[in-house]
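Every chain is numbered from 1 and lettered A, B, ... according to where its sequence line falls, protein lines coming before strand lines.
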Protein chains: 2
Amino acid sequence: MAAEADARDGEAALERAEQHCAARGAKLTALRRQVLGLILDSPVPLGAYTLLDRLKTTHPGAAPPTVYRALEFLTEHRLVHRIERLNAFIGCRVGCSDACADHGHEHDHAHAAQFLICGSCGGVEEIEDAGVGSALAAASRRAGFRPAHATVEVEGLCRGCAGLPG
Amino acid sequence: MAAEADARDGEAALERAEQHCAARGAKLTALRRQVLGLILDSPVPLGAYTLLDRLKTTHPGAAPPTVYRALEFLTEHRLVHRIERLNAFIGCRVGCSDACADHGHEHDHAHAAQFLICGSCGGVEEIEDAGVGSALAAASRRAGFRPAHATVEVEGLCRGCAGLPG
DNA sequence: CTCCTCGCGTTATATTATATTGATCATCAG
DNA sequence: CTGATGATCAATATAATATAACGCGAGGAG
């Protein structure tokens, strides 16, 4: 993980976001696109006010609602994820937006991305493990619970910070 | 679930908390005990300031640090859990404190309680499903990640609110 | 053109969390 | 008993996070 942003990844994700929104009639305005770009550029999750500060450098009039509204749009459309533990946001790099955009549904099936949060470098990796998803679904069912959305955030040490072989 | 507190449960949990603290030399002061009682009495998670308001009715001098310090103590000792999605706290009713208190370790093994949050009645059920725990551990390992603590919060509908047979 | 919706700006406010400092109290050595 | 020590708690101030309320202006539908 090692806290480095991959700009090419970011570009690709922005591209996908464009197409994703176009396909659904959602308006990825310049402001929203810029916020998404800022998030994708960062290797670590960004808080709303960090984001606001960065936004201000190119967009002086920005205020808290500016960024919160953009984040609302972006999270609704699954272009970014909110990390609850950190009150922060990270770009979605799993192909999910891609994969699901075209066949028209609104992600009715349970999405269960998992976030691996490194306590040392602050980096976050997003995975989507089928085993975790099905275990969660099974456990919920056993409890008589009908799950809609799961937040799975694991804190620990990433490969690099744990000193494991790369 | 149906948003109802079970007072007997609360009493029992308070009792267990006493013993748990006594066994570990931790001081469950009157204030901490009262905060724990308030949390256990509530069927839904309580925010820090809701808690503060309730605390004030019997303890006029209470201020934010009062409740935050109590919560810090209670969460450290696993007597209450913090629900990250909600910035709120709920009492621990799983026997974990019991089970682990006596054999002296500090919960070094990975605990992976899961919280089922009903979007309708606001109730929260705590479960500890081994399958979820092991799936998470396996997924982390595959990603080269060394997990320390996992937050698993599932939003959906509880048995009662989903209209399923009881 | 007029109505309407939506994105956005702006101000103010609410909610959640931490920092700092001083007061209180139990314990125990001398 | 006295005073030192450490833990707990209180009170105030401040920071960080989030939302409410109001209005303006652009752009499409009728």
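In summary, B:Asp129 and A:Arg142 engage in a salt bridge, as defined by a charged side-chain N under 4.0 Å from a carboxylate O.
When every heavy atom of B:Ala70 is checked against every heavy atom of B:Val35, the shortest pair comes out as CB-CG2, 3.8 Å.
A sub-4.0 Å separation between OP1 or OP2 of D:dC9 and a side-chain N or O of B:Thr66 is absent. Applying the 4.0 Å criterion to OP1 and OP2 of D:dA10, one finds that B:His59 has a side-chain N or O inside that range.
Using five terminal pairs a side, the axes of the helix from C:dC1-D:dG30 to C:dG30-D:dC1 at its two ends make an angle of 10°, given in steps of 10 degrees.
Without hydrogens or angle criteria, B:Gln114 side chain to B:Val154 main chain gives no donor-acceptor distance under 3.5 Å. Between the side chain of B:Glu153 and the backbone N or O of B:Glu84, at least one donor-acceptor pair lies under 3.5 Å. At least one donor-acceptor pair under 3.5 Å links the side chain of B:Thr57 to the backbone N or O of B:Arg54. Without hydrogens or angle criteria, A:Thr29 side chain to A:Arg32 main chain gives a donor-acceptor distance under 3.5 Å. Here the side chain of A:Thr66 pairs a donor or acceptor atom with the backbone of A:Ala63 at under 3.5 angstrom.
For DNA chain C, the span of nucleotides reached by chain A at under 4.0 Å from its heavy atoms goes, 5' to 3', from C:dG7 to C:dT11.
Here the two rings, on B:His81 and B:Phe115, have centers that are under 6.0 Å apart.
For the pairing with A:Arg82, the side-chain hydrogen bond (donor to acceptor under 3.5 Å, both in side chains) check across A:Thr151, A:Thr75, A:Asn87 returns one residue only, A:Asn87.
In this structure, the separation between CD on A:Gln19 and CG on A:Leu14 is 11.5 Å, given to the nearest 0.5 Å.
Residue B:Phe73 contributes atom CZ, which lies 8 Å from atom P of D:dT8 at whole-angstrom precision.
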In B/S/- notation (B base, S sugar-phosphate only, - none; protein heavy atoms under 4.0 Å), nucleotides 12-30 of chain D written 5' to 3' is B----BBBBB---------

